[in-house]
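Note that ligands are numbered from 1 as they come in the structure, with each ligand's atoms numbered from 1 the same way. Positions are given from 1, in the same order as the sequence printed here.
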Amino acid sequence: MELTILGDTTNSKTGGCSSQGCGSTFEQTSQLPESLQARIANHPCYSEEAHHFFARMHVAVAPACNIQCHYCNRKYDCANESRPGVVSELLTPEQAVKKVKAVAAAIPQMTVLGIAGPGDPLANPQRTFSTFQMLSEQTPDIKLCVSTNGLNLPESVEELIKHNIDHVTITINCVDPVIGAKIYPWIYWNHRRIRGVKAARILIEQQQKGLEMLVKRGILVKINSVLIPGVNDQHLKEVSRIVKAKGAFLHNVMPLIAEAEHGTFYGVMGQRSPSADELQDLQDACSGDMNMMRHCRQCRADAVGMLGEDRGEEFTLEKIEALDIDYAAAMPRRAEVQAAINEELQSIKAQKKRLATLHIPMNPHSQILRQHRAVLMAVATTGAGMINQHFGHAREFLIYEASPAGVRFIGHRKVDTYCHGDESCGDADRTLHRSISALEGCEAVLCSKIGFEPWSALEAAGIQPVGEHAMESIEESVWAVYQDMIAHGKLLPQSNPLSITA
Ligand code: CLF
Ligand code: SF4
């Protein structure tokens, strides 16, 4: 049977949709023109592969916003790119530059600097562009990235190009102003507050115009959309189709986070968030027309580190102010570390290419095996594409789907850390229970190590713990476990095998 490392193609968990391509995973990345591959190769958001190796950081220099989203409370960061409910430390452009240099020296694999809030970067043009200008002069080896609601985008395109911003994210939740009026109560436009459908129409026109202008100038554009059940869930397929047709590179459908304690309109009104299944179904449905991002962590406006990790505490303003960074001295070390990562990535790519064409004999009844259903598996990893994390130390699990068509990345699930490596785990039982609930739908969890207690609890919940693939490649291990499940008769064929001629 052939192993295929899939991106967003084929077989949803129920065996569903097919895809024409995805810009972010191995199979699709390798089909992109080389010049494009080079532009995303070390961007952890634009390349699923890169996010296992490269880090990003945000600087919170943009406090104001020019619109209101029903999922946002202005006390907190811009929820278009961030989890609501967290507040970032606001920086001046000078402080931001100092912080970027400190982080870049300490984390040489940090390749991308983004401005994503806490308000809208383009509603704070002076602060945003002054930061970008200083960074493009002083830290030339760092890619610059921005995320915006799009209202001021068309007027900002020239300035973005002037500062070498090669990656722009626009949050587009709708292309229909009637739906838009249910998401945006008002916008601030030409010194006036405008409400309802009229406001949504202006916002949508600006977003679409901005998208077209950026694409025309060769900028890579990612579209973020917040999935709001009952509001834009059906509509987002249309959004995906339109932005793809206009040349957007990637579509990132993110789940609405609406908690009453965040004080957002949706939170207070009891608007529900989508389930993991609903999110995956929509991503699968959109992937027919669009390259989909599935590894977004909805990070905060001052996030630092690999996606999914937050090292912000190591780089607070107080700590940064005390540092004297010699950036020129840090650059050779950064180049060395990044070259080593690129070399490793090349060898992983070569390996995947070999595997993708390799026929792995499973047994002679391959026609019967093709009838086996897809299985979701959770993986504990700290990066580098390996199974290299203790079950109890994982703050999140990556979710992969194995099916007769191959292995594909589905998304991630956050959990509370179960084990802190000491005796202080007062409510470890409760935390373990929550972790297991978060893995609902998974049939195996692959990790480097696991204790006896969680092992038993997982088994009791119908999830098979697997520890024997420690320090091995994720996709190959998921595939090996899938084969093993089939070999042990755990995945019964969907139809009567006796009716199939082997
Ligand atoms: Fe930041 Fe956004 Fe640039 Fe990435 S994040 S501005 S594109 S560097 Fe990435 Fe974070 Fe998701 Fe954003 S995981 S929230 S998609
Ligand atoms: Fe909040 Fe961002 Fe929407 Fe502005 S664009 S209202 S900061 S979520």
Legend entry - Check ion pair Glu440-Arg413 (N to O, under 4.0 angstrom): no
Inset, instruction - Please say whether more than 12 non-hydrogen atoms of neighbouring residues, nucleotides or ligands are located less than 6.0 Å from NZ in Lys246. - result: yes
Inset, instruction - Using a strict cut-off of less than 4.0 Å between a Lys/Arg side-chain nitrogen and an Asp/Glu carboxylate oxygen, indicate whether Arg294 and Asp284 qualify as a salt bridge. - result: yes
Legend entry - Contacting atoms of ligand 2, where contact means under 4.0 angstrom from a heavy atom of Asn149: 5 (S)
Legend entry - For Leu307, atoms of ligand 1 separated by under 4.0 Å from a heavy atom: 13 (S)
Inset, instruction - Flag yes if more than 12 heavy atoms outside Lys319 fall under 6.0 Å of its NZ atom; otherwise flag no. - result: yes
Inset, instruction - For Cys145, take its heavy atoms, then give the atoms of ligand 1 lying under 4.0 Å from any of them. - result: 3 (Fe), 6 (S), 7 (S), 8 (S)
Inset, instruction - Tell me, please, if Cys45 has any N/O/S atom, main chain or side chain, under 2.8 Å from atom 9 (Fe) of ligand 1? - result: yes
Legend entry - Which segment of Met293 sits under 4.0 Å of ligand 1 when only heavy atoms are counted: side chain
Inset, instruction - Can you sort out which atoms of ligand 1 are near Lys222, meaning under 4.0 Å from one of its heavy atoms? - result: 7 (S), 15 (S)
Legend entry - Residue Arg297 vicinity, atoms of ligand 1 by number, heavy atom under 4.0 Å: 11 (Fe), 13 (S)
Inset, instruction - Any atoms of ligand 1 less than 4.0 Å from a non-hydrogen atom of Cys299? List them with their elements. - result: 5 (S), 10 (Fe), 13 (S), 14 (S)
Legend entry - CA sep, side-chain torsions, deciding dist, call: Lys162, Gln133, side chain to side chain contact (heavy atoms under 4.5 Å, CB included): CA-CA 9 Å; Lys162 190 169 130 194; Gln133 177 168 0; 5.9 Å; no
Legend entry - Per-atom contacts, ligand 2 versus Cys65 - under 4.0 Å to a heavy atom: 4 (Fe), 5 (S), 6 (S), 7 (S)
Between side-chain atoms of residues 59-67 and protein atoms elsewhere (two or more places apart, or another chain), which donor-acceptor pairs fall under 3.5 Å?
from: Asn66; atom 1: OD1; to: Asn149; atom 2: ND2; distance (Å): 2.9

Inset, instruction - Output every pair passing salt bridge (Lys or Arg N to Asp or Glu O under 4.0 Å) with a member in residues 121-140, not counting sequence neighbours, ordered by first then second residue. - result: none
Legend entry - Atoms of ligand 1 close to Val112 [distance to a heavy atom under 4.0 angstrom, numbered from 1]: 8 (S)
Inset, instruction - For the pair Glu212 and Arg217, find out whether any cationic side-chain nitrogen is under 4.0 Å from an anionic carboxylate oxygen. - result: no
Inset, instruction - Run the contact test for His167 against ligand 1 with a 4.0 Å cut-off on heavy atoms, strictly below, and give the result. - result: no
Inset, instruction - Give the atoms of ligand 1, by number and element, whose distance to some non-hydrogen atom of His58 is under 4.0 Å. - result: 1 (Fe), 5 (S), 6 (S), 8 (S)
Legend entry - Subset of ligand 2 atoms that lie under 4.0 Å from at least one heavy atom of Cys72: 1 (Fe), 6 (S), 7 (S), 8 (S)
Inset, instruction - Could you tell me how the ring of Phe129 sits relative to the ring of Phe132: parallel (under 30°), tilted (30 to 60°) or perpendicular (over 60°)? - result: tilted
Legend entry - Close approach, Asp120 and ligand 2, non-hydrogen under 4.0 angstrom: no
Legend entry - Test: Arg311 and Glu314 ion pair at under 4.0 Å: yes
Legend entry - Location of contacts on Cys69 toward ligand 2, heavy atoms closer than 4.0 Å: both
